[in-house]
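The structure appears right after this line, and notes come after that.
Numbering of residues begins at 1 and proceeds along the displayed sequence.
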Amino acid sequence: CRSRSPAASGRAANLSLHSEASQDFMARSLIYFGEIGGNDYSYWFLAGQPMDRVLRYTPYIQQQIHQSLKDIIEQGAKNIIVQANFPMGCLPSYSRLSSFGLASEDKDEYGCLKAYNDLSNQHNSRLKEVIAQLQSNYTDVQFLYLDAENAYLEVMKNPMKYGFTNTTGQCFDSGMSYDPSHPSNNNDKNLTQACCADPSRYMSWDGVHLTEAMYMALVKLFLAGGFSEPQQNFITTGDKCTYSFTNF
């Protein structure tokens with residue numbers, strides 16, 4: 001397994017972005033481009049923006065993602081993992097929303113808000129278009145798309161298979177919430193409130209972020225190839241790195 005250095009290491013900070021040494025460093029690094037855009041949507045919802053207006057921002061977010069990926073490539077990156085956004089309507093902080101004009105009938109059979117999941121789906125569809133465009137322009141760069149949206153839904157539909165008993169709640173109830181009426185947004189909330197007895201049985205830690213157990217479940221799905229595009233890629237197969245599930 002060829003060793004790879006994280007691009008954010010201290011050694012990289014001392015390299016000029018476009019120097020030969022920096023280009024070589026980036027070419028040997030594995031770049032993980034996380035779920036960009038989620039905070040942007042959240043801020044707009046918290047500001048009281050309606051769904052139709054938030055949807056108009058999606059092309060702008062994709063433009064920023066495109067430019068950021070292009071900048072990374074031009075600095076020498078050759079192997080880039082791009083993660084999709086999670087289905088926002090399934091996150092507890094969104095799924096219990098009632099203040100934005102969404103009622104119980106707006107939820108699917110798993111308790112997820114359809115409108116928010118539609119937004120995530122649109123975002124991720126555009127993200128794949130961005131990757132395809134960049135791939136056509138930079139044929140020497142390898143992209144790996146992690147379908148976090150459908151991997152999350154796979155666990156949501158079959159929770160017991162992955163060891164979860166609670167799919168709609170959050171382990172740390174004094175965590176984060178986008179619902180102004182939720183106790184976690186009370187100014188005098190008690191941050192020392194005990195969390196759940198067994199976080200490994202919950203998909204969500206604080207309503208927005210996932211538990212360690214949920215991340216492990218997603219990583220296994222990604223490495224298995226079914227929720228990675230292309231399925232034959234520089235992580236799961238080939239002469240670079242092959243991971244064993246015994247480590248998870």
Under the 3.5 angstrom rule, does the side chain of [X] hit a backbone N or O of [Y] as a donor-acceptor pair?
X: S120; Y: M88; result: yes
X: S22; Y: S19; result: no
X: N117; Y: G89; result: yes
X: Q142; Y: I80; result: no
X: S228; Y: Q231; result: no
X: Q49; Y: W44; result: no
X: S204; Y: Q170; result: no
X: Q23; Y: E74; result: yes

Going from [atom1] on [X] to [atom2] on [Y], what distance comes out if it is rounded to the nearest 0.5 angstrom?
X: L69; Y: Q133; atom1: CG; atom2: CD; result: 11.0 Å
X: L119; Y: L113; atom1: CG; atom2: CG; result: 11.5 Å
X: F172; Y: Y202; atom1: CZ; atom2: OH; result: 13.0 Å
X: F227; Y: L221; atom1: CZ; atom2: CG; result: 5.5 Å
X: I131; Y: L144; atom1: CD1; atom2: CG; result: 9.0 Å
X: K78; Y: D24; atom1: NZ; atom2: CG; result: 11.0 Å

Of all heavy-atom pairs between [X] and [Y], which one has the smallest distance, and what is that distance?
X: Y110; Y: T168; result: O-CG2, 3.8 Å
X: T211; Y: W205; result: CG2-N, 3.6 Å
X: P159; Y: T167; result: CB-CG2, 3.5 Å
X: A217; Y: F164; result: CB-CE1, 4.1 Å
X: V208; Y: S93; result: CG2-OG, 3.6 Å

[Y] side chain reached by [X] side chain, heavy atoms, under 4.5 Å:
X: N166; Y: M203; result: no
X: F143; Y: N79; result: no
X: R201; Y: D198; result: yes

Open item on the list: Once side-chain hydrogen bond (donor to acceptor under 3.5 Å, both in side chains) is applied, do any residues pair with S68, and if so which ones, sequence neighbours excluded?
Closed with: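 By the side-chain hydrogen bond (donor to acceptor under 3.5 Å, both in side chains) rule, S68 matches no residue at all.
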
Task: With E35 via side-chain hydrogen bond (donor to acceptor under 3.5 Å, both in side chains) - residues at least two apart - done: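 Testing E35 for side-chain hydrogen bond (donor to acceptor under 3.5 Å, both in side chains), a comparison that skips the adjacent residues, returns Q83.
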
Task: Set of residues satisfying side-chain contact (heavy atoms from CB on, under 4.5 Å) with respect to Q122, sequence neighbours excluded - done: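 Counting only residues at least two positions away or on another chain, Q122 forms a side-chain contact (heavy atoms from CB on, under 4.5 Å) with L55, T58, R126.
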
Open item on the list: The criterion is side-chain contact (heavy atoms from CB on, under 4.5 Å); which residues satisfy it with I36, sequence neighbours excluded?
Closed with: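 Listed in chain order: F33, I65.
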
- [ ] Answer yes or no: is there an ion pair linking K114 with D118, defined by an N-O contact shorter than 4.0 Å?
- [x]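 Looking at K114 and D118, the cut-off is not met.
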
Open item on the list: I want to know whether F45 and Y116 have ring centres closer than 6.0 Å.
Closed with: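 Yes, the ring centres sit under 6.0 Å apart.
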
Open item on the list: Just by distance, no angles: are the side chains of D71 and Q75 close enough, under 3.5 Å, to form a donor-acceptor pair?
Closed with: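 D71 vs Q75: no donor-acceptor pair found between side chains.
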
TODO: Please indicate whether R56 has more than 12 foreign heavy atoms, meaning atoms of other residues, nucleotides or ligands, lying under 6.0 Å from its CZ.
DONE: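 Check passes, neighbour count above 12.
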
Task: Over 12 non-hydrogen atoms of neighbours within 6.0 angstrom of OH in Y60 - done: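 Atom OH in Y60 is not crowded, with 12 or fewer foreign heavy atoms closer than 6.0 Å.
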
TODO: Go through the steps for C112 and Y94 under the test side chain to side chain contact (heavy atoms under 4.5 Å, CB included), then give the verdict.
DONE: CA-CA 8 Å; C112 304; Y94 281 99; over 6 Å; no

- [ ] Please answer: with hydrophobic residues joined when any side-chain heavy atoms are less than 4.5 Å apart, are Y57 and Y43 in the same cluster?
- [x]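 No, no single cluster joins them.
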
Open item on the list: With a 4.5 Å cut-off on side-chain heavy-atom distances among I, L, V, M, F, W and Y, is there a chain of contacts connecting L223 to F86?
Closed with: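 Yes, same cluster.
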
Show me the side-chain donor-acceptor pairs of residues 148-157 shorter than 3.5 Å, one per line, residues at least two apart or across chains.
residue: E149; atom: OE1; partner: N124; partner atom: ND2; Å: 2.9
residue: E149; atom: OE2; partner: N121; partner atom: ND2; Å: 3.1
residue: N150; atom: ND2; partner: D147; partner atom: OD1; Å: 3.4
residue: N150; atom: ND2; partner: D147; partner atom: OD2; Å: 2.8
residue: E154; atom: OE1; partner: N158; partner atom: ND2; Å: 3.4
residue: E154; atom: OE2; partner: N158; partner atom: ND2; Å: 3.4
residue: E154; atom: OE2; partner: Y162; partner atom: OH; Å: 2.6

TODO: Show your working on side chain to side chain contact (heavy atoms under 4.5 Å, CB included) between V82 and Y32 and close with a plain yes or no.
DONE: CA-CA 6 Å; V82 182; Y32 193 102; over 6 Å; no

Task: Test ring-ring contact (aromatic ring centres under 6.0 Å, His included) applied to Y41 - qualifying residues, sequence neighbours left out - done: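 H123.
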
Task: Derivation of the disulfide bond (SG atoms under 2.5 Å apart) call for C196 and C171 - done: CA-CA 5 Å; C196 64; C171 177; 2.0 Å; yes

TODO: Start with the C-alpha gap between M26 and I31, add the side-chain angles, then the distance that decides, and say whether side chain to side chain contact (heavy atoms under 4.5 Å, CB included) holds.
DONE: CA-CA 8 Å; M26 291 292 283; I31 309 299; 4.0 Å; yes

Open item on the list: Working note: I81 + L30, criterion side chain to side chain contact (heavy atoms under 4.5 Å, CB included); need CA distance, chi angles, decisive distance, verdict.
Closed with: CA-CA 8 Å; I81 296 175; L30 177 61; 4.0 Å; yes

